[in-house]
Number of protein chains: 2
Amino acid sequence: MAQSDTVDRILDAAEELFADRGFSETSLRMITSKAKVNLAAVNYHFGSKNALIHAVFARFLTPFSATLETAFDELEERCDGEPPTLNQTLWALTESAVRMPQRTDKGISIFMRLLGLAYTQSQGHLRKFLEQEYSEPFSRFMRLLKEATPQLSAVDRYWRIQFMLGATAFTMSSSDALRDILQNKLGVETTVQEIAARLVPFLAAGMQAEDTMLVPAFSQAPVA
Amino acid sequence: MAQSDTVDRILDAAEELFADRGFSETSLRMITSKAKVNLAAVNYHFGSKNALIHAVFARFLTPFSATLETAFDELEERCDGEPPTLNQTLWALTESAVRMPQRTDKGISIFMRLLGLAYTQSQGHLRKFLEQEYSEPFSRFMRLLKEATPQLSAVDRYWRIQFMLGATAFTMSSSDALRDILQNKLGVETTVQEIAARLVPFLAAGMQAEDTMLVPAFSQAPVA
DNA sequence: GTCTGTTTGAAACATACGTTTGAGACACTA
DNA sequence: TAGTGTCTCAAACGTATGTTTCAAACAGAC
């Protein structure tokens, strides 16, 4: 075979192990033994562990960002000049994520968990890589959010976007563990789709909350 | 000196480094050199790196959980039988966090970031430790949330609590960086208290969102 | 069949880690 | 002053990591 499947086997194994255990906690030896390839193959094909991490992200982020672009295109076309609503924008994003062609049944869950890790684990090289590779769909999403919430001040919008990112990244990055807890406590099975279906209304409601009306001053009798 | 300050120097350094870089990415050698103590002092005073992690959490979580208990006591007393509202409950928590006596100016931010890490990084030993040491204030908070949102199903409430935790932990953990960005972009100064004042309404609105009404079915025409 | 560039294999490399050791310094009691 | 328990220090231990090496195996072209 001209291009062996070693590369894909490594990517598959790395993707799953990274999602399970994080980056630093996953060694190349774990990856290569799970992938049943030689240890040296990683450095031969990718150059370094960091480059492997980049490759894992690129493999699903590149098609995702393409899907997202067309979803936004369709949305804006359908809205015909009018700015899309907040719900529409959030759903366009969610749909694009959920609909991505998955390699395995765990696909979407791994995808989300990796995105969460990317935000959470402070791997400088990863953040730099993602920023310079995928800045365009990101800033387009930001622009849509801005147009969908004209009532918000720039400062309010800024913070609420952070809150949304936080809720999403955090939940997704630990979604497996959370699902397990729910399974044990309440005996409920949950899919990533259902989590997303619960998350979006939460985010939309938070985003559109009436402004800070009943905020007690700090350092006085507070919760009156 | 009978009880040296080595222990505190180690705790201070570890706390800050953990918050900056995570647990696995922070070596004992980094900690001891930042604390200007000998490498062996960690294992002498704490026994192991994991035990040091526990100690770091215990140092701020124990007083915090005490503060929180009294805040909840006061709240329930003031409500006189009636269950406190969601806003009151969230504010009681926020107040307790903000009012905690801080060792440094970074105090509250480190506090939050560590909590986020505890949830995010899949350190099994940490989760076990926190669960068995601080389960009581946690489940009390959960009970208050439950009584304040009787309209939610258990599953809905579970996930929305996760969303709240995520938005909070994520925002607070990077609040320094976010504040700086805001300062540069919009020329706005922001305090942690103000962030909290924006966060709580966001969370309350998300928590009380109308249930997933306009959720399009996946794998059909989505964003109509 | 022979050659050439690509890919694999087992082993080693250098480095960093958490932990342990044992000798020394120090403060305190008797 | 002698003795005791507490703490610090430099050094080492064993292990695991990412990376490199170099010979062997393999593919396809001539």
Side-chain angles (χ1 to χ4, degrees), chain A residues 1-59 117-118 121-129, chain B residues 1-59 117-118 121-129:
Chain A
M1 47 198 119
Q3 176 77 337
S4 84
D5 62 344
T6 303
V7 169
D8 288 305
R9 300 244 299 282
I10 292 174
L11 284 173
D12 289 338
E15 182 177 79
E16 198 163 331
L17 285 171
F18 286 154
D20 272 3
R21 326 171 27 95
F23 304 113
S24 318
E25 291 80 3
T26 302
S27 72
L28 292 185
R29 284 168 177 80
M30 291 178 199
I31 294 171
T32 53
S33 83
K34 181 184 178 80
K36 296 198 173 89
V37 303
N38 189 271
L39 171 62
V42 169
N43 280 279
Y44 175 77
H45 286 287
F46 298 95
S48 70
K49 183 181 180 180
N50 280 353
L52 170 62
I53 295 176
H54 296 176
V56 166
F57 273 85
R59 185 167 66 150
L117 285 182
Q121 319 231 135
S122 60
Q123 305 259 0
H125 67 95
L126 220 193
R127 201 174 280 216
K128 214 166 287 178
F129 170 77
Chain B
M1 45 196 123
Q3 176 77 339
S4 83
D5 62 343
T6 302
V7 168
D8 289 305
R9 299 245 299 283
I10 292 174
L11 285 173
D12 288 339
E15 183 178 79
E16 197 162 334
L17 285 170
F18 286 154
D20 271 1
R21 329 171 24 95
F23 304 112
S24 319
E25 290 79 5
T26 302
S27 72
L28 292 185
R29 285 170 175 81
M30 291 180 200
I31 294 171
T32 53
S33 86
K34 181 184 179 79
K36 294 196 173 93
V37 304
N38 187 270
L39 170 61
V42 170
N43 281 279
Y44 175 78
H45 287 286
F46 298 95
S48 70
K49 183 180 180 181
N50 280 352
L52 169 61
I53 296 177
H54 297 175
V56 166
F57 275 85
R59 185 169 65 152
L117 284 183
Q121 318 231 133
S122 61
Q123 305 259 0
H125 69 95
L126 219 193
R127 200 174 281 215
K128 215 165 288 180
F129 170 78

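For clarity, every value in this text was computed on a predicted model and none was experimentally measured. Residue numbering restarts at 1 for every chain, and letters A, B, ... go by the order of the sequence lines.
The phosphate of dT6(D) (OP1 or OP2) has no side-chain N or O of H45(B) nearer than 4.0 angstrom. In this model, the phosphate group of dA16(C) is not approached by any side-chain N or O of S27(B) to a distance below 4.0 Å at OP1 or OP2.
Candidate nucleotides dT8(C), dT17(D), dT19(D) were compared by shortest atom distance to the side chain of T6(A), and dT8(C) ranks first. Closest to the side chain of R29(A), out of dC7(D), dT17(D), dT19(C), is dT17(D). Closest to the side chain of Y44(B), out of dT6(D), dT8(C), dA12(D), is dT6(D). Comparing dA10(C), dA10(D), dT19(C) by their nearest atom to the side chain of N38(B) picks out dA10(D).
As rounded to whole Å, 15 Å separates atom C1' of dT17(D) from atom CG of L52(A). Separating the CG atom of N43(A) from the P atom of dG18(D) is a distance of 9 Å, rounded to the nearest angstrom. With rounding to whole Å, L39(B) atom CG is found 15 Å from dC13(D) atom P. Distance, D5(B) CG to dC7(D) P: 12 Å, rounded to whole Å. Look at CG on L28(B): it is 6 Å from P on dT19(C), rounded to the nearest Å. A straight line from CZ of R9(A) to P of dT7(C) spans 15 Å, rounded to a whole angstrom. The interatomic distance linking E25(A) (CD) with dG18(C) (P) rounds to 12 Å, in whole Å. If you measure from atom CE of M30(B) to atom P of dA16(C), you get 10 Å, rounded to the nearest angstrom.
One distance of note links NE2 of H54(B) with NZ of K128(B); it measures 10.0 Å at 0.5 Å rounding. Taken from CG in D20(B) to NZ in K34(B), the straight-line distance is 7.5 Å, to the nearest 0.5 Å.
At a threshold of 4.0 angstrom between heavy atoms, the contacts of A40(B) include nucleobase atoms, whether or not backbone atoms are also involved. Heavy atoms of T26(A) sit under 4.0 angstrom from primed sugar atoms or phosphate atoms, though from no base atom.
Remark on DNA chain D: of its neighbouring residues K36(B) and S24(A), the 5'-side contact belongs to K36(B), judged by nearest-heavy-atom nucleotide.
Within the 4.5 Å cutoff, side-chain heavy atoms of L28(A) are placed close to those of L52(A). Here the side chains of R29(A) and L39(A) are in contact, with some heavy-atom distance below 4.5 Å.
Taking the six-membered ring where the residue is Trp, F57(B) and F23(B) present tilted rings, their angle falling between 30° and 60°.
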